[in-house]
Amino acid sequence: MTTPPPYYGPPGAEPGGVPAAPQNTQGLVGMILGIVAIPLVCCVYLGIPLGIAAAIVSYLGLQKANAGRATNRSQALAGLICGAVAAVLGIGLLIWALTAGQSINWEDFSNQ
């Protein structure tokens with residue numbers, strides 16, 4: 001008579017459980033803010049802060065993508081670039097307006 005094989009129990013489950021969903025929110029929000037910030041550069045009080053916020057949020061999203069917790073690296077990079085461009089253009093426009101505004105002869109534009 002032969003001995004039956006030993007019982008090892010039920011098959012094991014995947015180690016670590018269910019993989020976490022990617023955290024793509026920061027990259028997406030940064031891209032949206034960056035795209036919206038570029039046309040709003042003409043409104044200095046909206047374009048500059050929005051561009052800075054887009055660059056910061058996109059940078060955080062890019063860090064998550066580089067760490068492997070997010071899958072939208074290109075969206076975060078686009079938001080970072082658009083936010084930086086909007087902030088630089090807004091600051092340049094502000095500097096130009098402040099320097100050119102002092103040298104304009106406003107009497108030339110008045111109705112006589």
Would you list the atom pairs, donor with acceptor, under 3.5 Å between side chains in residues 59-67 and any protein atom, with sequence neighbours excluded?
from, atom 1, to, atom 2, distance (Å)
Tyr59, OH, Gln63, NE2, 3.3
Lys64, NZ, Gln23, OE1, 3.1
Asn66, OD1, Arg73, NE, 3.1
Asn66, ND2, Leu62, O, 3.4

Distance-only donor-acceptor hits, side chain of residues 24-52, under 3.5 Å, sequence neighbours excluded:
from, atom 1, to, atom 2, distance (Å)
Asn24, OD1, Thr71, N, 2.8
Asn24, OD1, Thr71, OG1, 3.4
Asn24, ND2, Thr71, OG1, 3.1

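Only one option out of Leu89, Leu93, Ile95 pairs with Ile91 in a side chain to side chain contact (heavy atoms under 4.5 Å, CB included); it is Ile95.
Here the closest non-hydrogen pair linking Ser58 and Ala76 is CB-O, 3.3 Å.
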